[in-house]
Amino acid sequence: MSSSLPLPPGSSGLPVIGETFGFLNDPDFSTKRHKQFGNVFRTNLFGRSTIVLSGVDAVRFVLLNENQYFVISWPPSVKTLLGSASVPVQQGSLHQQRRKLLVQAFQPRALASYIPTMTSITQNYLDRWAQKETIRWYPELRNYTLDIACQLIVGISSGSQTRFGELFEIWVKGLFSVPLKLPGTKFSQALTSRQLLLDEIERVVKARQSQENIESDSLSLLLNAKDEEGNRLSIDELKDQVLTLLFAGHETLTSAIASFCLLMAQHPAILERLRAEQSQFKNDDLLTLEDLKQMDFLDQVLKEVLRVVSPVGGGFREVIQECEFDGYKIPKGSQVLYEIGQTHQDSTLYPNPKQFDPERFNPEQKLEPFSHVPFGGGIRECLGKEFARLEMRIFAALLVRNYEWELVPGQNLDLQMIPTPQPKDGLQVKFRRKAS
Ligand code: HEM
């Protein structure tokens with residue numbers, strides 16, 4: 001019986017705040033504790049007793065026992081600001097039904113229809129950067145991914161330059177904050193922005209409903225999507241889902257693309273191999289799904305980027321039934337954190353884990369299930385995984401074909417980890433079009 005087993009080793013830290021401060025501020029918080037205690041340790045985060053689990057067995061255990069031992073758990077600020085209808089917040093059968101509906105915006109046909117828009121926004125940004133010489137790339141990349149998300153998810157052009165983009169940034173800043181509804185707090189500002197964003201989404205939805213020609217974006221697909229009983233999403237639910245997709249599709253992708261840019265600047269031989277692969281394709285900027293599928297080395301490189309710097313560090317779950325892992329009791333009512341980034345650094349899975357080596361993902365190497373989980377897994381696997389992979393491939397292909405960039409010396413390239421990993425000084429580069 002698990003009740004007689006010991007709790008995992010670790011410390012609860014200070015009263016109330018536990019070890020939250022260290023978790024948020026020390027990039028080696030988990031590494032130190034795993035070294036001392038092994039793959040499982042106990043701590044206290046965000047006011048809750050938390051068990052942190054790392055490694056392939058732990059990830060499999062958590063992700064395959066969703067709804068049996070674990071359910072999704074979000075800090076109160078995230079839950080309120082995403083909205084009760086948002087798919088990452090929903091649980092049980094409703095969650096599964098809603099996923100089936102939303103997944104229609106990410107089917108291969110839908111993805112293929114997104115390629116021209118992704119390509120032209122990418123090309124516009126690349127041309128603009130080439131005229132600037134030196135850029136602080138991270139904020140530019142945030143605008144870039146937001147523009148693509150706004151265009152393809154709600155049909156709003158140049159979103160980052162609009163009032164919608166401004167409101168969105170305020171809303172994002174409140175997501176992981178203390179949920180105090182006092183004037184001036186990040187949380188109340190975000191709540192106000194949420195309402196204004198929902199109003200704007202409603203306006204777009206209503207305009208779309210009265211429009212004859214169908215746009216090629218997720219909103220059109222979601223407006224028409226039906227569940228098994230033939231029901232469509234209500235307008236209130238649609239608004240929450242659209243806001244969620246905008247968020248999920250923006251921060252994570254910015255981090256992933258920026259890591260690609262940084263790692264390629266630091267690994268010129270790999271960049272040269274990528275350029276050689278791209279030279280096999282027609283350089284007319286008209287990418288097709290077929291071309292993208294044949295970029296095998298690029299695919300390996302992007303997998304290694306997501307391993308070395310995982311945009312999402314892990315996922316929180318609440319324990320709904322006491323269970324056992326690795327000889328320890330996992331008590332009901334506590335929360336668990338399954339770790340993605342730490343699992344990707346496990347030297348038994350990835351020898352010399354700090355080294356950037358795309359050959360780890362050579363198709364001849366057999367990958368153990370749940371050892372490479374940048375997009376999570378099980379019934380909550382990332383809904384936008386293929387959208388993200390598509391955007392990353394388009395960006396990377398167009399970038400390496402025609403442009404070169406070098407890191408401005410003297411900047412701090414250490415990563416700030418929250419909310420997603422990003423170079424502390426914003427990734428400053430000299431950028432230009434390659435001489436042909
Ligand atoms: C490189 C980019 C991305 C990464 C690394 C990533 C990673 C993840 C991870 C790890 C999860 C699961 C979290 C958990 O288990 O608690 C997740 C869930 C999710 N992702 Fe992504 N994501 C990315 C891009 C996107 C995009 C582009 C979209 C949509 C346009 C998206 C939509 C979602 C949604 C809706 C969920 C919740 C699924 C559910 O709860 O059923 N993601 N993502």
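Both counts, for ligands and for their atoms, begin at 1 and track the order of listing. Since this is a predicted model, take the numbers as computed values, not measurements.
In this structure, F370 has its ring center no closer than 6.0 Å to that of F61. Ring to ring, F395 and Y144 are close: their centroids are under 6.0 angstrom apart.
Numbered from 1 in the order shown, with element, the atoms of ligand 1 that lie under 4.0 Å from a heavy atom of R317 read 14 (C), 15 (O), 16 (O). The contact set between ligand 1 and P88, taken as ligand atoms under 4.0 Å from a residue heavy atom, comprises 37 (C), 40 (O). Per-residue contacts place F387 under 4.0 angstrom from the following atoms of ligand 1 (heavy atoms of the residue considered): 27 (C).
Given atom 38 (C) of ligand 1, the protein heavy atom at minimum distance is R99 NH1, 3.5 Å.
For E359, the side chain to side chain donor-acceptor pair (under 3.5 Å) partners two or more places apart in sequence, or in a different chain, are R273, N362.
In this structure, F316 falls outside the shell of residues with a heavy atom less than 4.0 angstrom from ligand 1. Put simply, part of I340 is less than 4.0 Å from ligand 1, judged by heavy atoms.
When each of R99, R232, R98, K100 is tested with D227 by the rule salt bridge (charged side-chain N to carboxylate O under 4.0 Å, His left out), just one qualifies, namely R98.
Around atom 21 (Fe) of ligand 1, the protein contributes the following N, O or S atoms at distances under 2.8 Å: C382 SG.
In this structure, of S73, P374, P311, the residue bringing a heavy atom nearest to atom 7 (C) of ligand 1 is P374.
Listed by first and then second residue, the side chain to side chain donor-acceptor pair (under 3.5 Å) pairs that reach into residues 297-311 are D299-K303, D299-R389, E304-R307, E304-R360, S310-H344, sequence neighbours excluded. Among pairs with a residue in residues 415-427, none fulfils side chain to side chain donor-acceptor pair (under 3.5 Å), at least two apart in sequence or across chains.
By the 30° and 60° cut-offs, the orientation of the rings of F431 relative to Y403 is parallel. Using a 30° and 60° split on the angle between ring planes, W137 and W405 fall in the perpendicular class, above 60°.
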